[in-house]
Amino acid sequence: MEFSALKSLLDATGQAHVYEQTGCLDDPNHPVSQQLRKLSVKDSLQNFQAAQQETCKADSTFEPVKNVIHAKSLSHLQDHLYRNAALNAIKAGLVAAVIMSGGQGTRLGFNGPKGIYDILLPSHKSIFQLHMERLSKVRLLVADTNNGVLPSLPVYIMTSDMNHHQIQHFFESHNYFNYPKEDIVFFEQGLEPCFTFDGKIIVENPHSLSLAPDGNGGVYKALRFSGSIDDMQRRGVQHLHIYGIDNVLTKAVDPLFMGICIDRKVEVGNKVVWRAHKGEKVGVSAELRGALHILEYSEIPPHLAETEDAEGKLLFGAANICNHYLSVDFLVQRVLPSLSGTYHIAKKKIPFYDPVTQTTVHPTTPNGVKLEMFIFDVFPLATSWTVVEVARDDEFAPVKNEPGNVADSPDTARLLLHRQARRWLTSVGAVLPRTDAEEEAAVQATGTFPVEWLYEVSPLLSYEGENLDVFAGVTVQPGYITSLPL
């Protein structure tokens, strides 16, 4: 953007203070000039103004989602038909994965992208490797039905300005985990300027605006501006599995979940686990006039948050785990044209530049807003949708908190992966040195789980417990299991 165009833009949008405080128009290579070229100031201002008009969800009458599909309750025939629908779509190159991995491991006490974190499994695989190997296994499952021909299964990986190059380098240094390099696309999550309450872009210092990531809902805008949607359409992709990096039990492009969504021709699918207990404060799926919404726990009507049905199951219990299906048509035709109406404002204490004292001030009370959007904010736009409930123990092991934390930590995720591996092995008749009860008693006595007791089944050996029948009657010692017994 030329000098005159940049000045005209800032003047026209009431942001002249930006160049007055930073002198960014004096040098085309000024850091603030470069930041402005990457932003769409008009769009950001429009998003801010639209977010000011946001209505409170609590004012509406929400209902629990009806007609939830319970994956474990499907008949063998239904299960088979849905899986085939997905495998055929993957075979035809119609399916892609989108992994949101823009976050850092700050809460883990880890200085780097969360995806490269090692949760100390026997294999010492990173979280990225776990996801990529499950995708590789799905390709192998399709090849088994396609005369050995591996399908193209594109993977779009959302990074951020903080970790884009580090993630790319990590994949390069690990040979893309033996995944086809041409089928991996990295794209960067966008940033939004922070605003004062009256709509002025906040300058942090003479060399930088105050910018913040636009939330996981920024995936939509990032897919568009990076050219990733164009790439999807060029490839003929029609169905997306979108999920966060931190759940190490995610079934990448799960054939059952994807098959349900594809067969039913829905625009949006939400995979959920049921809230474990009344005290679990998580977002849940809900309905409003036939549309799908995700409510934060605080938005559930207080008198209903703990209400149970006749069978003792929480009514508002379909917990959101950031595991979604979207059709590409819905994304292009409904989501992208509606983005300006889906942002929220979060009042924050935002450092700002004081041109009088020529210092950056760190306020003690909120002085501005950050624009953010959640991935599920577009769900109410869908005219056809479904919610699929799956087993928590098999599909939900988030890694969010520091080691040693009793919830959502590397320790809890590692134990859930271990228990899944044990279930798979014992279900086919494998002989394990210790029973579940003996393990539990030892943990209760010591307060820790011995790492030498851990089981891990490679995703390349089994995607969800299949292909393990030959372990029947075989004594299997703890450790990393990568091959079938001789």
Side-chain angles (χ1 to χ4, degrees), residues 99-131 134 157-160 162-163 166-167 170 189 212-213 215-217 219 242-252 271-284 294-298 317-324 346 348 370 372 374-376 390-421 439-440 443-444 446-451 453-454 456:
I99 306 176
M100 297 180 292
S101 55
Q104 294 290 92
T106 307
R107 286 169 60 183
L108 289 167
F110 175 65
N111 184 26
K114 192 178 293 185
I116 73 175
Y117 188 76
D118 172 8
I119 66 171
L120 300 183
L121 293 168
S123 67
H124 287 281
K125 290 178 181 176
S126 66
I127 296 176
F128 270 131
Q129 186 168 354
L130 293 172
H131 287 296
R134 290 197 186 104
I157 298 175
M158 185 171 78
T159 64
S160 70
M162 295 179 291
N163 61 31
Q166 189 174 359
I167 289 175
F170 186 73
Q189 180 180 9
N216 63 10
V219 65
I242 306 182
Y243 51 93
I245 186 67
D246 56 13
N247 179 8
V248 297
L249 277 177
T250 296
K251 291 181 179 178
K271 182 186 279 193
V272 303
V273 299
W274 220 255
R275 281 169 58 205
H277 50 80
K278 293 180 180 180
E280 185 178 26
K281 298 180 179 181
V282 294
V284 298
I294 306 299
L295 297 181
E296 293 302 316
Y297 180 83
S298 60
N320 182 55
I321 59 173
C322 197
N323 194 320
H324 314 300
K348 301 286 184 178
K370 293 182 179 181
E372 59 184 13
F374 301 116
I375 189 169
F376 50 72
V390 296
R392 174 186 289 259
D393 288 348
D394 276 324
E395 301 211 32
F396 191 47
V399 179
K400 296 180 180 293
N401 300 318
E402 72 285 353
N405 198 302
V406 297
D408 299 345
S409 70
D411 309 279
T412 58
R414 187 169 60 245
L415 193 56
L416 284 165
L417 278 164
H418 158 77
R419 288 173 175 166
Q420 182 188 66
E439 280 195 356
E440 184 61 30
V443 171
Q444 290 295 328
T446 64
T448 60
F449 190 91
V451 293
W453 289 6
L454 288 171
E456 178 189 359

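Below, all heavy atoms of this structure are taken into account, side chains as well, without hydrogens, waters or symmetry copies.
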Sub-3.5 Å donor-acceptor pair from the side chain of [X] to the main-chain atoms of [Y], do we have one?
{"X": "Arg414", "Y": "Leu417", "value": "no"}
{"X": "Glu372", "Y": "Ala346", "value": "no"}
{"X": "Ser409", "Y": "Val406", "value": "no"}

Please name the pair of heavy atoms, one in [X] and one in [Y], separated by the smallest distance, quoted to 0.1 Å.
{"X": "Ala407", "Y": "Asn401", "result": "O-ND2, 2.9 Å"}
{"X": "Ser101", "Y": "Ile157", "result": "OG-CG2, 3.3 Å"}
{"X": "Asp408", "Y": "Thr412", "result": "N-OG1, 3.4 Å"}
{"X": "Gly102", "Y": "Ser160", "result": "O-OG, 3.0 Å"}
{"X": "Asp411", "Y": "Gly404", "result": "OD2-N, 2.5 Å"}
{"X": "Phe449", "Y": "Glu439", "result": "CE1-OE1, 3.5 Å"}

| query | Is any NZ, NE, NH1 or NH2 atom of the basic residue among Arg392 and Glu280 found under 4.0 Å from an Asp or Glu carboxylate oxygen of the other? | reply | yes
| Min side-chain heavy-atom separation Phe110-Ile116 under 4.5 Å | yes
| query | Hey, are the side chains of Cys322 and Met100 touching, using non-hydrogen atoms and a 4.5 Å cut-off? | reply | yes
| Looking just at side-chain N and O atoms, do Asn405 and Glu402 make a donor-acceptor pair shorter than 3.5 Å? | yes
Which pairs would a plain distance check flag for residues 243-250, meaning a side-chain donor or acceptor within less than 3.5 Å of a matching protein atom at least two apart in sequence or in another chain?
| from | atom 1 | to | atom 2 | distance (Å) |
| --- | --- | --- | --- | --- |
| Asp246 | OD2 | Lys400 | NZ | 2.9 |
| Asn247 | OD1 | Leu249 | N | 3.1 |
| Asn247 | OD1 | Ala397 | N | 2.8 |
| Asn247 | ND2 | Thr250 | OG1 | 3.2 |
| Asn247 | ND2 | Glu395 | O | 2.8 |
| Thr250 | OG1 | Asn247 | O | 3.1 |

| request: Verify side-chain contact (heavy atoms from CB on, under 4.5 Å) between Ile167 and Phe128, making sure each step is shown before the conclusion. | output: CA-CA 10 Å; Ile167 289 175; Phe128 270 131; 3.9 Å; yes
